[in-house]
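Sharing a structure, written as structure tokens. Questions coming.
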Number of protein chains: 6
Amino acid sequence: MIPRIVIEKRLKEFLEEDLSIGDVTSAFIPERKSKANIVVKEPGTVAGIEVVKILFDLMDVSVADSVTDGSMVKKNQVVMNVEGSSGNILMAERTALNILGRMSGIATVTKGMVEKARRVNPSIRIAATRKTTPGFRIFEKMAAVIGGADSHRFFTGDAVLIKNNHLLLIGSVKKALQLAKSTSFIRKIEIEVRSLNEAIEAAEECVDVIMFDNMSPDMIRAVMDRIEELGLGKNILFEASGGIKPENVEEYARTGVDIISSGYITHSARMLNVSLYLV
Amino acid sequence: MIPRIVIEKRLKEFLEEDLSIGDVTSAFIPERKSKANIVVKEPGTVAGIEVVKILFDLMDVSVADSVTDGSMVKKNQVVMNVEGSSGNILMAERTALNILGRMSGIATVTKGMVEKARRVNPSIRIAATRKTTPGFRIFEKMAAVIGGADSHRFFTGDAVLIKNNHLLLIGSVKKALQLAKSTSFIRKIEIEVRSLNEAIEAAEECVDVIMFDNMSPDMIRAVMDRIEELGLGKNILFEASGGIKPENVEEYARTGVDIISSGYITHSARMLNVSLYLV
Amino acid sequence: MIPRIVIEKRLKEFLEEDLSIGDVTSAFIPERKSKANIVVKEPGTVAGIEVVKILFDLMDVSVADSVTDGSMVKKNQVVMNVEGSSGNILMAERTALNILGRMSGIATVTKGMVEKARRVNPSIRIAATRKTTPGFRIFEKMAAVIGGADSHRFFTGDAVLIKNNHLLLIGSVKKALQLAKSTSFIRKIEIEVRSLNEAIEAAEECVDVIMFDNMSPDMIRAVMDRIEELGLGKNILFEASGGIKPENVEEYARTGVDIISSGYITHSARMLNVSLYLV
Amino acid sequence: MIPRIVIEKRLKEFLEEDLSIGDVTSAFIPERKSKANIVVKEPGTVAGIEVVKILFDLMDVSVADSVTDGSMVKKNQVVMNVEGSSGNILMAERTALNILGRMSGIATVTKGMVEKARRVNPSIRIAATRKTTPGFRIFEKMAAVIGGADSHRFFTGDAVLIKNNHLLLIGSVKKALQLAKSTSFIRKIEIEVRSLNEAIEAAEECVDVIMFDNMSPDMIRAVMDRIEELGLGKNILFEASGGIKPENVEEYARTGVDIISSGYITHSARMLNVSLYLV
Amino acid sequence: MIPRIVIEKRLKEFLEEDLSIGDVTSAFIPERKSKANIVVKEPGTVAGIEVVKILFDLMDVSVADSVTDGSMVKKNQVVMNVEGSSGNILMAERTALNILGRMSGIATVTKGMVEKARRVNPSIRIAATRKTTPGFRIFEKMAAVIGGADSHRFFTGDAVLIKNNHLLLIGSVKKALQLAKSTSFIRKIEIEVRSLNEAIEAAEECVDVIMFDNMSPDMIRAVMDRIEELGLGKNILFEASGGIKPENVEEYARTGVDIISSGYITHSARMLNVSLYLV
Amino acid sequence: MIPRIVIEKRLKEFLEEDLSIGDVTSAFIPERKSKANIVVKEPGTVAGIEVVKILFDLMDVSVADSVTDGSMVKKNQVVMNVEGSSGNILMAERTALNILGRMSGIATVTKGMVEKARRVNPSIRIAATRKTTPGFRIFEKMAAVIGGADSHRFFTGDAVLIKNNHLLLIGSVKKALQLAKSTSFIRKIEIEVRSLNEAIEAAEECVDVIMFDNMSPDMIRAVMDRIEELGLGKNILFEASGGIKPENVEEYARTGVDIISSGYITHSARMLNVSLYLV
């Protein structure tokens with residue numbers, strides 16, 4: 001979905017970030033046509049393959065073969081074979097591995113969360129947040145999607161999301177939602193609530209998504225039941241958020257919410273261990 | 001050390017990455033002059049304060065007070081007070097928190113590693129690697145330095161580092177080092193070795209730094225002893241690398257190496273939990 | 001809503017587009033501190049005032065006074081007084097006038113359409129399209145909003161909009177909407193329909209917005225009536241589109257649609273006549 | 001004349017302006033190799049073909065066939081056939097149509113003006129002004145040239161043009177022209193005059209172009225006659241400017257001026273109606 | 001004449017070229033408020049003062065005092081006093097000196113050429129060429145102007161200049177000039193000639209400038225005399241070009257040409273020796 | 001060593017600097033497929049061939065044949081044959097020649113210095129400084145390397161270099177070096193000394209490189225002898241700097257220093273005379 005010209009622009013910046021005006025080690029090594037394998041050193045879900053293909057293309061290295069994004073891989077599995085001048089392969093190496101490692105780390109954690117949650121609530125969506133690394137968001141969101149998550153908002157402009165800080169400035173849920181609707185019809189309106197009353201007020205205003213912020217699973221269920229009793233929830237999606245991680249995701253999924261948004265999958269995923277070997 | 005114009009350029013890109021052409025939620029909220037606190041929700045070492053000050057400055061928000069980079073903070077400690085138009089504060093919020101959270105996460109892990117290692121080897125350096133998030137490296141390196149680490153190479157051009165892939169292309173340690181010296185006198189030369197013989201060959205060529213790659217602490221000690229016996233190690237620094245983490249850092253530190261380089265502090269640090277509250 | 005750093009970046013490009021590396025006429029004219037007025041030469045709705053203030057600020061020219069965006073102005077009304085070095089005023093002149101003239105032209109046409117439509121349907125929205133001038137979209141959308149319109153989508157990423165070309169590729173309205181829903185919950189889904197059957201199919205899938213593409217007002221009314229009879233339209237917005245202009249906007253507004261989208265307000269608005277005079 | 005690298009840079013910005021980080025509609029539609037036609041929905045003079053070819057090339061869409069820039073086309077005429085992945089065609093669509101529509105709109109109006117003027121004064125030039133849309137000038141100037149106009153100044157650096165505001169700062173036509181000549185010999189010098197006396201003063205200083213600003217055709221003729229009587233006009237070009245449009249262009253052309261500059265062709269041209277259809 | 005935003009953009013690039021992401025030496029030196037002098041170590045004409053003021057401003061260093069651009073200075077004369085943080089002064093140092101040194105070197109050589117030439121032909125202009133250093137042209141042209149020269153063309157778009165390679169493609173001087181005139185009336189037309197016949201042909205077509213390319217002074221005089229005899233030269237400027245340097249500039253000036261263009265002043269000027277001292 | 005994407009980015013800026021939005025002369029000349037030769041008009045060492053190949057590639061001109069970088073060429077030798085559209089060749093011409101001419105000028109001077117110095121001290125290195133033209137440094141450093149020199153520091157971040165201004169801020173050589181070592185182990189540390197005592201102090205701190213700044217050859221030899229007597233110089237490199245040029249380079253080389261750094265090769269080299277001829 002992300003146009004190639006957008007990805008290329010960022011990849012050029014990433015290469016410059018690593019290489020600056022050149023690699024003093026590759027500089028003195030006799031160039032020769034080489035092959036290399038990229039190997040994943042631990043099991044996981046691979047993400048970043050399509051991105052790294054573009055990266056190697058920018059460095060005139062050709063990709064002979066590769067697994068597809070989203071593949072589950074085993075320890076020491078080769079995920080990509082490349083071919084080109086040794087200097088170019090080695091100049092692209094670290095950036096390629098950083099992209100693959102970070103994206104695969106996120107996809108792996110995400111997939112785990114999604115599977116756990118869906119076992120108890122098959123139609124639930126795990127959604128990424130904006131708690132991403134500055135400069136690398138589009139790749140982290142992409143990785144989350146490859147891992148089975150919903151991208152949620154990329155930008156603050158993708159949907160209205162009224163948070164506690166906004167409510168503080170406006171005064172009431174009702175007023176906030178009425179203002180929100182007056183701006184544009186084209187974006188969904190989501191609101192973060194912290195109590196039953198706020199949730200009801202939001203539902204009465206026909207908000208698109210209600211996010212339960214840092215509520216316990218029991219509390220969430222109680223609020224959802226009450227809204228149903230009042231006949232208010234028909235076209236509203238419910239989202240749980242705040243401190244949800246692999247350990248407690250099933251509990252939240254069981255509440256019956258439509259969406260669980262999880263900062264965890266981006267802010268706490270570590271890099272998958274990936275290496276490149278000349279062969 | 002990083003010039004403000006360089007930081008500003010990247011911060012503008014980060015803001016655009018989050019805001020694109022604007023925040024549709026802040027858009028309809030009545031502007032007013034507000035104050036806000038940034039609070040750390042868990043104990044740790046704070047990093048990113050100076051960067052975030054520049055960020056708020058770019059958004060016309062003034063920073064009234066803040067802790068200094070490197071401060072150890074307690075759970076729920078306020079680390080910064082800001083003041084400005086509510087819209088600008090909320091537009092800067094997520095980017096500010098992402099920077100502070102990521103950098104503090106790295107600084108916190110780093111500080112832990114440094115302290116553990118220095119307890120057994122007081123002059124040792126923990127060094128960051130290039131296993132960073134593309135687009136965010138300078139901030140991750142900065143965070144590692146704030147946490148007490150050495151920055152090691154920012155770019156591939158900062159020093160010669162001959163790795164296994166390079167050796168494969170050249171054939172021998174000796175030949176690699178002779179070539180390296182012929183390029184320029186101005187940069188240090190480091191080489192990754194995997195055996196006693198390679199280490200001795202490197203020491204004979206008066207390399208600046210020998211990196212023991214994925215060797216056990218015992219093996220490292222044996223190699224260092226042998227090099228000392230041969231009277232070869234005088235001006236050479238020794239660096240251990242590969243899979244070193246909080247759990248085993250002391251063991252490696254005890255070998256007497258000068259440097260431990262650790263991908264862990266950047267690739268496995270999670271974000272510190274930080275929030276912003278309008279007050 | 002658009003952050004100042006985003007606007008500044010574009011304004012710098014606009015200034016370079018006009019000045020390249022300098023103005024050979026201002027070059028030889030003795031600099032002196034001057035004042036100037038910007039005058040609108042024909043009645044209209046002014047838009048671009050806030051943008052042009054930033055422009056003059058970039059050129060070190062201060063704005064002493066100005067009308068507000070959205071003001072209705074009379075022929076020959078002064079809309080802004082500026083003060084600064086004569087060279088800087090004259091270097092900013094053409095870019096300032098091009099921005100003000102284009103934006104005011106759009107705001108003026110938009111306001112006319114909105115007023116006409118609301119006289120017969122007080123809650124209707126006129127919405128801008130993506131038929132804008134490449135490189136200038138954010139300013140054209142802003143002008144439409146100042147004129148009373150809804151911005152509709154800025155980017156193709158703001159909402160799903162399934163058009164005829166997409167339907168051709170997928171085969172059916174139903175399948176298209178099911179696919180759309182599977183991607184992300186966070187964006188609204190709009191679909192362009194060309195017949196009663198397509199409209200019903202879309203309504204059955206609970207689409208967010210149904211756009212009647214190039215249908216006559218009678219046809220639109222008939223379709224809306226039928227959907228209501230079927231009890232399907234409750235949470236759906238209806239939008240009319242295609243060839244709607246000042247001459248026929250009332251007819252379409254009378255159909256009771258919620259939104260009229262109009263390429264006309266951007267693709268057929270001419271520039272308002274604006275001049276700058278040193279005083 | 002405009003180098004391809006310059007055009008590509010701007011086209012990439014235009015694509016990003018429309019697509020941001022991606023098109024959420026194209027995202028879920030199954031990719032397939034498709035063909036599409038671009039059709040002009042009303043008669044006119046087509047401009048932008050060469051530009052749009054580069055645009056499609058950037059998106060990996062190939063152009064099978066097209067009319068040439070400047071072609072007169074009939075209602076519903078196909079002007080271009082393209083072929084490529086459906087996703088890429090649809091992502092390029094709006095930007096391609098906005099470029100073609102805007103440029104063809106300008107070319108069409110320009111051609112009309114040129115033909116009208118040349119019927120009464122066969123060697124006259126219609127010239128575009130700098131009253132263009134910020135960010136899109138080079139394409140608007142190109143369109144005017146394709147429509148038969150002279151580009152006049154692209155930048156303020158292309159020629160000296162002394163306007164009323166400059167005269168106000170300097171004091172006299174004579175002084176202004178003497179200063180202008182002292183700067184560089186390489187650019188032409190044009191001056192805007194508002195009276196017979198100013199015109200004579202300018203002619204005496206051997207200016208390159210005299211622009212009659214907002215003068216009536218009768219007045220222009222009178223001034224030109226007087227200058228001829230005085231034997232002063234030999235190497236001077238005469239340009240009429242100010243409020244000239246299709247309705248009065250012949251009157252001005254009949255005065256015998258060499259050039260008519262017309263803001264009208266850029267500031268009042270509307271977009272030609274162009275559509276893209278998958279086939 | 002060059003807008004400050006244009007200069008700032010380039011200066012930021014120059015600073016990044018020198019500092020990349022920072023100066024490792026300034027990094028460990030205790031910051032303190034310092035003063036520094038910039039001293040010219042050899043006599044010459046200073047250029048670059050206004051540019052360097054902007055540079056220091058970008059680095060938050062204030063300029064207390066300075067000589068003006070174009071000043072003749074003696075050996076060891078202080079040309080600027082600055083004040084600011086020691087780190088910022090030292091980070092700006094090399095870029096500031098490189099700018100001042102290069103620009104002053106060019107201004108010094110230029111002034112020498114201009115004075116020599118004007119002693120024998122008081123109204124002659126020495127003009128710079130496009131033989132400049134890529135990336136630094138606007139500053140080299142500026143330096144030439146400060147030294148008393150005419151800037152000639154900045155870009156290939158500033159005037160038509162038909163050179164031998166162009167003539168080869170077109171076939172004749174006459175045809176080339178007729179084509180040139182058909183493009184736009186707004187730019188001057190200059191042609192390079194290599195024989196009397198070409199010169200006459202050009203004069204007959206009323207070209208604006210005739211450039212004698214690599215002709216001897218005697219030959220130039222002969223051609224000019226002949227053109228005068230034919231009554232053709234009235235509104236034509238004559239320019240000598242090709243291998244003109246301080247040693248032979250008087251000879252060429254004596255021919256009576258209006259302009260001498262000199263690659264020498266940019267391609268053969270060396271840097272003036274300038275240093276910065278903390279005080 | 002410099003990645004192609006880095007070079008391409010700069011070359012595009014250079015082309016835009018020369019062409020802006022186009023070449024008005026090439027514009028009216030009938031396009032045709034042409035061949036051209038690039039000829040060096042005076043003997044020298046050619047540098048820039050690989051760079052110019054990329055430049056022509058960006059302009060869709062193919063390079064049929066060329067000499068290699070570093071070749072010694074004779075007067076009037078053809079160094080490159082190109083083929084492509086005449087318009088593209090002529091648009092690339094000036095930028096290509098400016099690059100080749102500047103780089104070859106530097107390579108030629110450098111080669112002369114290197115050969116002179118090596119005749120008396122075969123292992124000596126001549127090193128370039130940062131006294132380069134802003135915007136063009138990477139090409140000037142590259143040219144110096146092609147001419148046989150060492151590149152020395154590209155950026156201020158490549159190595160620590162403590163100069164007199166830094167010493168002034170810190171107070172003593174010893175303190176400066178201890179601080180320098182505390183920052184990072186990865187970069188070499190060089191210090192500028194002005195007396196025997198400073199040199200000894202530096203040697204005692206095991207600095208990597210001692211630079212003798214503006215010392216006479218006799219003085220340099222005396223200092224080196226004394227350091228040797230003290231048994232301190234083993235792993236230290238000695239560099240002479242300050243006013244060294246072709247006339248005195250042998251004298252300095254004879255002192256036995258390891259490196260001579262020379263601003264002369266960049267700040268005083270003139271452009272080699274190079275031309276392009278359509279054939």
Side-chain angles (χ1 to χ4, degrees), chain A residues 3-34 36 50-63 82-99 135-136 139 276 278, chain F residues 1-14 47-48 50-51 53-54 57-58 68-70 99 103 125 127-130 132-160 184-188 190 208-209 266:
Chain A
R4 191 185 156 105
I5 55 165
V6 170
I7 292 180
E8 279 187 3
K9 198 170 79 172
R10 284 183 182 55
L11 293 180
K12 284 180 185 173
E13 289 166 6
F14 295 165
L15 285 166
E16 274 210 58
E17 188 195 49
D18 189 47
L19 300 172
S20 179
I21 56 160
D23 172 4
V24 292
T25 310
S26 303
F28 60 80
I29 289 170
E31 279 290 291
R32 70 169 200 226
K33 187 139 176 93
S34 300
E50 288 306 314
V51 174
V52 166
K53 279 183 184 173
I54 298 176
L55 183 87
F56 279 119
D57 195 33
L58 287 176
M59 292 296 287
D60 287 319
V61 173
S62 63
V63 174
V82 302
E83 205 173 319
S85 104
S86 53
N88 286 349
I89 292 173
L90 294 178
M91 285 202 283
E93 174 184 358
R94 181 73 349 247
T95 304
L97 298 180
N98 284 346
I99 291 169
F136 199 59
F139 302 97
L276 178 148
L278 290 183
Chain F
M1 154 191 155
I2 302 177
R4 191 184 156 106
I5 54 165
V6 170
I7 292 181
E8 279 187 4
K9 198 170 79 171
R10 286 187 181 51
L11 293 181
K12 284 181 186 173
E13 289 167 5
F14 296 165
E50 288 307 313
V51 174
K53 280 183 183 173
I54 298 176
D57 195 33
L58 287 176
T68 56
D69 276 318
I99 291 170
M103 288 182 69
R125 291 172 191 249
T129 66
R130 292 188 295 119
T132 56
T133 316
F136 199 59
R137 179 177 290 167
I138 59 174
F139 302 97
E140 297 189 347
K141 290 278 190 179
M142 218 191 280
V145 170
I146 289 170
D150 190 293
S151 67
H152 215 299
R153 298 196 300 170
F154 268 79
F155 304 132
T156 54
D158 283 338
V160 172
S184 175
F185 72 91
I186 201 61
R187 290 181 192 84
K188 284 203 176 167
E190 176 167 359
D208 294 298
V209 190
T266 49

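Residue numbers start from 1 in every chain, and the chains themselves are labelled A, B, ... in the order their sequence lines are given, proteins ahead of strands. A quick note: this is a predicted structure, and the numbers were derived from the prediction, not measured.
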- Message: Ignoring hydrogens, what is the shortest heavy-atom contact between F/Ile5 and A/Lys12? Give both atom names and the distance.
- Response: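 F/Ile5 and A/Lys12 have their closest heavy atoms at CD1-O, 4.0 Å.
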
- Item | Between F/Val6, F/Ile2, F/Ile7, the one whose heavy-atom pairs under 4.5 Å with chain A are most numerous |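 Option with the top pair count is F/Ile2.
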
- Query: chain F heavy atoms under 4.5 Å from A/Ser20: which part of the residue, side chain, backbone, both or neither?
  - Reply: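 Contact with chain F is through both the backbone and side chain of A/Ser20.
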
- So what's closer than 4.5 Å to chain F heavy atoms on A/Leu19: side chain, backbone, both or neither?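 Side chain of A/Leu19 only, per the 4.5 Å heavy-atom cut-off to chain F.
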
- Item | Interatomic spacing from CD1 in A/Ile21 to CZ in F/Arg137 - rounded to 0.5 Å |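 Those atoms lie 9.0 Å apart.
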
